[in-house]
Amino acid sequence: MKSLILALDRRLTSAALALACTLLAVICCLGMWQVISRFVLSQPTSWTEELMRRMLIWCVMLGTVAAFRHGALVSVDLMLRTATGAWRSVVRHVITGAGLAYLMRPSESRLALM
């Protein structure tokens, strides 16, 4: 059962990271289209700015999930490197609790996207 849950976790984390990377690539393409349509075609598009903003929010949230799972957040890395012994376990629990509190916090901007 444990191996099944860990396999599911790996696949979900990989999917979140792949989706975040895909969103970032689409954001870059939309940004280029916005520049081309504004300065080359002289007909700016109004929808690209809003779409890019919403996609960037999703990209950051999905990327944060993947980085949190891999332990790649800067504050996590710095705090864990300096902690030793039993204090390291306390720091790890505090970091996990703070991260979960952030991810579970209802926010108006996140609720507006759903």
Side-chain angles (χ1 to χ4, degrees):
M1 184 68 167
K2 181 179 177 182
S3 62
L4 177 67
I5 292 174
L6 288 175
L8 180 64
D9 177 60
R10 279 191 301 273
R11 288 186 184 190
L12 286 175
T13 303
S14 296
L17 186 59
L19 185 56
C21 291
T22 303
L23 286 174
L24 187 60
V26 171
I27 289 168
C28 291
C29 291
L30 286 174
M32 183 58 87
W33 172 250
Q34 187 176 27
V35 169
I36 290 171
S37 68
R38 178 169 295 178
F39 296 112
V40 176
L41 302 176
S42 297
Q43 295 179 349
T45 56
S46 60
W47 55 271
T48 54
E49 183 70 31
E50 182 66 27
L51 184 60
M52 285 170 46
R53 186 175 300 143
R54 289 181 184 269
M55 290 175 84
L56 186 60
I57 292 170
W58 279 101
C59 180
V60 168
M61 294 304 289
L62 290 169
T64 301
V65 168
F68 183 76
R69 182 65 186 110
H70 290 294
L73 297 175
V74 174
S75 63
V76 173
D77 187 41
L78 179 64
M79 291 176 73
L80 283 177
R81 262 196 268 158
T82 59
T84 59
W87 181 246
R88 185 180 184 104
S89 177
V90 171
V91 169
R92 188 180 305 264
H93 288 301
V94 168
I95 290 169
T96 302
L100 289 175
Y102 168 73
L103 292 174
M104 299 302 287
R105 180 180 62 97
S107 171
E108 289 180 17
S109 61
R110 276 189 267 156
L111 292 176
L113 296 175
M114 300 192 181

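Owing to the predicted nature of the structure, the values given are computational and were not obtained by experimental measurement.
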(request) Quick one: closest heavy-atom pair of A16 and L62, and the distance? (result) O-CB, 3.7 Å
(request) Determine the minimum heavy-atom distance between L23 and C59, stating which atoms define it. (result) CD1-N, 3.9 Å
(request) Quick one: pull up CE in M52 and SG in C29 and give me the separation to the nearest 0.5 Å. (result) 10.5 Å
(request) Flag yes if M55 and W47 sit in one hydrophobic cluster, no otherwise; membership is Ile, Leu, Val, Met, Phe, Trp, Tyr, and two members link when side-chain heavy atoms are under 4.5 Å apart. (result) yes
(message) My understanding is that a hydrophobic cluster links ILVMFWY residues whose side chain heavy atoms are under 4.5 Å apart, including indirect links. Using that, what else belongs to the cluster containing L17?
(response) none
(request) Kindly indicate, with the supporting measurements, whether the criterion side chain to side chain contact (heavy atoms under 4.5 Å, CB included) is fulfilled by F68 and T13. (result) CA-CA 10 Å; F68 183 76; T13 303; over 6 Å; no
(message) Would you say CH2 of W87 has more than 12 non-hydrogen atoms from neighbouring residues, nucleotides or ligands within 6.0 angstrom?
(response) no
(request) Say whether L19 and L51 are linked into one hydrophobic cluster, either directly or through other cluster members, by side-chain heavy-atom distances under 4.5 angstrom. (result) yes
(request) Verify, without hydrogens or angle tests, whether R88 (side chain) and L80 (backbone) share a donor-acceptor contact under 3.5 angstrom. (result) yes
(request) State yes or no: do V65 and L12 share one hydrophobic cluster built from I, L, V, M, F, W and Y residues joined by side-chain heavy-atom distances below 4.5 Å, directly or via other members? (result) no
(request) Determine, using the 4.5 Å side-chain heavy-atom cutoff (strictly less than), whether W58 and I27 are members of one ILVMFWY cluster. (result) yes
(message) Can you tell me how far apart OG1 (T48) and CH2 (W33) are? Round to the nearest 0.5 Å.
(response) 9.5 Å
(message) Minimum heavy-atom separation for A20 and G63, please, with both atom names.
(response) CB-N, 3.9 Å
(message) What's the separation between atom CG in D9 and atom CZ in R11, rounded to the nearest 0.5 Å?
(response) 12.0 Å
(request) Please answer: with hydrophobic residues joined when any side-chain heavy atoms are less than 4.5 Å apart, are L30 and L41 in the same cluster? (result) yes
(message) Check this for me: Q43, atom CD, are more than 12 non-hydrogen atoms of other residues, nucleotides or ligands nearer than 6.0 Å?
(response) no
